[in-house]
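Reading through the structure tokens given below for one structure.
Numbering of residues begins at 1 and proceeds along the displayed sequence. Counting starts at 1 for both ligands and their atoms, in listed order. Only heavy atoms go into these numbers, but all of them, side chains included; no hydrogens, no water, no symmetry mates. Here the structure is a predicted model, which is why all the values come from computation and not from measurement.
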Amino acid sequence: MADKTVKQLAQMTQTTVDTIKKQLVDAGLNARGDNDIVTEIEQQQLVGFLKQSHGEVQKSRISLKSKTTQTAKVTGTSGKAKNINVEVRKKKVFEKPNANKIAEELAQREQALKQEQEKAELAKQQADKQQDEKQKARQEAEARQQATLAAMYANLNSGKKHSDGNTTSVVVKKITKPDAKTTNTEIAPTKTAKTQTVKADNKTAKADKKAPTKAVKPVKKENSEQRKIREAEEERLRQIEAQNRRKSAEEAQQRTLEKMRQMASKYSDDKDGESTTVVRRDAGEPLAEGLVGQALEDSFEKERREIKRGSTSNANKNRRRRRDDDNEQEVKNRARGLKSSHANKHKFEKPVEKIVHNVEIGETIVIADLAQKMAVKAREVVKMLMKMGELVRETESIDQETAALLVEEMGHHPVLVSSTQVEDSLRESVGEKSSNVQARPPVVTIMGHVDHGKTSLLDKIRSTKVASGEAGGITQHIGAYHVETEQGVITFLDTPGHAAFTAMRSRGAKATDIVVLVVAADDGMMPQTAEAIDHARAAGTPIIVAINKIDKDTADPDRVLNDLTTKEVVPEEWGGDTPIVKVSALTGQGIDDLLDVIHLQAQVMELEVATDGAAQGVVIESRLEKGRGAVTSLLVKQGTLKQGDLVLAGEYYGRVRAMMNENGKKITAAGPSIPVEILGLPDTPMAGSEFMVVDDEKRAREVAEYRMVRERERVLERQAKSRLENLFDQMNDAKLPTVNLILKTDVRGSLEALLSALDELSTDEVKVKVISSGVGPISESDVVLAESSEAVLLGFNVRADGAARRKADEAGLDIRYYSVIYGLIDDVKAAMSGLLSPEHREKILGIAEVREVFHSSRFGYAAGCMVLEGTIIRNKPIRVLRDDKVIFTGQLQSLRRFKDDVTEVRAGMECGLAVKGYEVQAGDKIEVFEIHEVKRTL
Ligand code: GDP
């Protein structure tokens, strides 16, 4: 609020000049003209008056009160502790400055100032007066001295000799001196003048005596004058220096400001003009303009400190320069999102921006691979998934959808690709070259129970249909052969068992077109017959039933037909869709009929493929042979395979160096449905893998590598899917609205009970499908079927045999054992509703086989055992298994090694044991297990 004219005040308050004038008068101030000044104080007075007149009561005083209570514990005289509350009250009064009061104070101060000025004036006048008086006195004294001198000279001139000449000369000297003194009296201090006056009034001698002391003073006066001049000069220099310093400081400020501006503009340029929240800091904080602002402030603060210090020494300048550099670096670092200024100490500079990767995601992806594609640690991905509510390990895989979400969450671009994209494009380019489409021969697999005559039937067909010369020349077993009939060629796959059939299917390739199920007419439906039906059904392959051994007297084909209906295989003659042929592998009866039916079925299936162009097909089997390397049997399914072709089979690729047919005869080309054996692959691909001829080695390598990764993913995926806990998640997946189970039990009674109970579990939304069931231990074949059908293996009072266990471990399948029907039903039910958690599961710790049973006086009997697997632990529960079926559950009564009681015996060692309350037999297995709680894992 500076001094203003009335006009200015009127403008400022947006009122008229007259109003202001009137208000001034009302406030008790002097009347003014339009351009008269209203001082700051007057303005405050006016404001105070107006506030009062408008009824605004100003609160000039504020009181703040505070109260704190503390509790002190004091021990009283009686020894009892007492709590005393101590209340501390504080009051603070703040007085608000009042405009009138200020005005009053100011007026008072003004008054005091005036008085002081007057006093000073008076004092000055007095001093001047005294000065004049002194001057006068001095002049009088001089006049008197002159008079004395004149008298003395007069005496001398008159010849009157003085007694002491020396004294006279001294006097002369002393007389001349005061002249010089007189010239300086004006600038001499008042005190000196006073003294001189007094001295001048004294006797001349006395004045003379004092003279030598006074004579030194003029020199001193000169020095002080010089000092004053020097000081003035120094002051002037200091001012110039300060001015220069200020100027350089301002320049430095300007420079820093300019740098900031440049940086800010560069920064925003980098981000297409976005100036806020563009770069993320490590902690994910956005770096906004505020940060640059902060940097500016920091910089200015430093400058200010520098100015305050006012140091201009070189050392300081250098230091400042260094600091400037540091500061600049710091600002740069901040702008980059670095947390620490120490970052500039390293040569490595963290990238300014996060690199956004295009992450290709197939139908599933392993966490570790996903992390690699995003260039982050797998741990981070796991952590992120945990935040998203998924608990997955690094080695496990997640589905495409989840992966895409995660990738987006982590700031990268997900690129969804079909798992088979690489192969599809290759297949397309291969397929384009084919043009001649023709019907191809059907590929048949013969399945059935052991000893029902599979081999005999195959041999009979071959011996009757293969030219005698060739038949005799069969030297190679390549797993397949073809026969020529009147209606055309039929290719037979000579697979060693159902497991192999399904294993081939699980590799993705459908090698078999038709299944011929051999059932001995004298034996009927047997477990492996049922298993074969399950496998064929799971593969979706049509079945032709060949009732063999029809030549036998005990043959009862109707019984076979009856049995088949129990597995829902209904003969055509009974209104079903399964062709039935009665044959005899021994006599050859019905063989032609069987071949006719196969042809008929093939025609219905319209098996048409391109017969020329690049070949595609299936690996039937492969082996390593000394001197020949990898020998691979292939079944061409379309196109023509030629010697010299570049073949990509499964995860390997190579050129066909040599090619043989099933008779070991060298051939140079093989058309559709023709099995061949080739040399040239670097390793043995898995049976059932697809093969194709490619012309580009680079692409072959790409696909081979891709397949290797996919195979790994498949195993991991299967591991997850085979878990009963995960069934619910699978069901949520629209592709799998059913729960696939493979159930094995100890007796038929419990199997039927379980099947009907499981059947009742099916609802409109979820279907429980028992793909395969049976009595007996879980076999390798069951495991393979579970693997290919994504089914869960359940054993009720039965165990998996050694081969099945190994297979299950290999495939990462989970086998669940139960001994209570409701336990099994409840688990499946819980799995269906996604509520399987936490649960009690059995872990088998060790298995021992009973080799011999001895009589023991103490326990009644004792079993001499060999520990086959794991460890037999004395205090854990046990089960007795006979033919892989549970026959007793209990505890051990004793466990010994060489007459010593022991707590555990490891695999490969012999031991003696006794089971409490049960007499074991030689050949029984003792299984030690423990029950532990498993939390549900996703
Ligand atoms: P696979 O185990 O299913 O391959 O059965 P095999 O082909 O080894 O045959 C088992 C046994 O049944 C052999 O001793 C054959 O001689 C016999 N056999 C096979 N087919 C017939 C047939 O049609 N009639 C008679 N009587 N015996 C047969």
Any N or O on [X] sitting closer than 3.5 Å to an N or O of ligand 1?
{"X": "Ile550", "value": "no"}
{"X": "Lys552", "value": "no"}
{"X": "Gly453", "value": "yes"}
{"X": "Leu457", "value": "no"}

Heavy-atom nearest neighbour in the protein, as seen from atom 8 (O) of ligand 1, with distance rounded to 0.1 Å: Thr455 OG1, 4.1 Å
Nearest-contact summary for atom 7 (O) of ligand 1 - protein heavy atom, Å: Ser456 OG, 2.6 Å
Contact atoms of ligand 1, heavy-atom distance to Asp551 under 4.0 Å: 22 (C), 23 (O), 24 (N), 25 (C), 26 (N)
Enumerated ligand 1 atoms positioned under 4.0 Å from heavy atoms of Lys454: 1 (P), 3 (O), 4 (O), 5 (O), 7 (O)
Audit row: Asp593, Lys582, salt bridge (charged side-chain N to carboxylate O under 4.0 Å, His left out) steps and yes/no: CA-CA 9 Å; Asp593 291 344; Lys582 289 167 190 159; over 6 Å; no
From CA spacing to verdict: salt bridge (charged side-chain N to carboxylate O under 4.0 Å, His left out), Asp459, Arg462: CA-CA 5 Å; Asp459 285 347; Arg462 189 155 45 182; 3.4 Å; yes
Is_contact(atom 14 (O) of ligand 1), protein non-hydrogen, under 4.0 Å: no
Any donor-acceptor N or O pair under 3.5 Å, side chains Asp782, Ser779: yes
